[in-house]
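Written out below as structure tokens is the structure these notes cover.
Here the structure is a predicted model, which means the values were calculated and not measured.
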Amino acid sequence: ASKSGPSVFDYVKHGSDPVNVGVLLEDGAAVLGAGVAATCLGLCVATDSSVFDALGSISIGLSLGGVSFALIAKNRRLLLGQSMGKRKVNALRTLLESERSVRG
């Protein structure tokens, strides 16, 4: 994948589409959570101890919390850290001022 574009980590960190990044992170956390749940359930049955169930639940919750914080940070950067270029602002202003309904 890195030959045809950015790596997965670069895309998550620098990609400008929060929807794709969100889907990627959430699905990754879901697959990881399913693996952790299956492993911990197997350990519970094998050892007859519910400690592994609790540890699995906590680790899944932490991974989902980590994904939510990553998405919050990503969306905050996209919402607050970008502005339109001066040329685009001027073009938009010219377009809006040329509209009769805007001029009054």
Review point. If you group Ile, Leu, Val, Met, Phe, Trp and Tyr by side-chain heavy-atom gaps below 4.5 Å, do I58 and L64 land in one group?
Key: no
Check your understanding: Under 4.5 Å between any side-chain heavy atoms of N90 and R93, yes or no?
Key -> yes
**Study point:** ILVMFWY cluster, L25 and V8 together (side-chain gap under 4.5 Å)
**Key:** yes
Practice item. Would you give the length of the straight line joining atom CG of L71 to atom CZ of R76, rounded to the nearest 0.5 angstrom? Key: 12.0 Å
Point to revise | Nearest non-hydrogen partners of G33 and I60, listed with the distance | key: O-CD1, 3.4 Å
Review point. Under 4.5 Å between any side-chain heavy atoms of T39 and F52, yes or no?
Key: no
Check your understanding: Any donor and acceptor pair, going by atom type alone, linking the side chain of S50 with main-chain N or O of D53 inside 3.5 Å?
Key -> no
Practice item. Hey, could you give me the CG/OH distance between N20 and Y11, rounded to the nearest 0.5 Å? Key: 4.0 Å
Practice item. Can you measure from OG (S59) to CG (L32) and round to the nearest 0.5 angstrom? Key: 7.5 Å
Check your understanding: Are V67 and V21 connected in the hydrophobic side-chain network, where two residues link if heavy atoms are under 4.5 Å apart?
Key -> yes
Check your understanding: Taking all non-hydrogen atoms of both residues, which atom of G56 and which atom of C40 are closest, and how far apart?
Key -> CA-SG, 3.5 Å
**Study point:** Main-chain N/O of P6 paired to D10 side chain as donor or acceptor, under 3.5 Å
**Key:** no
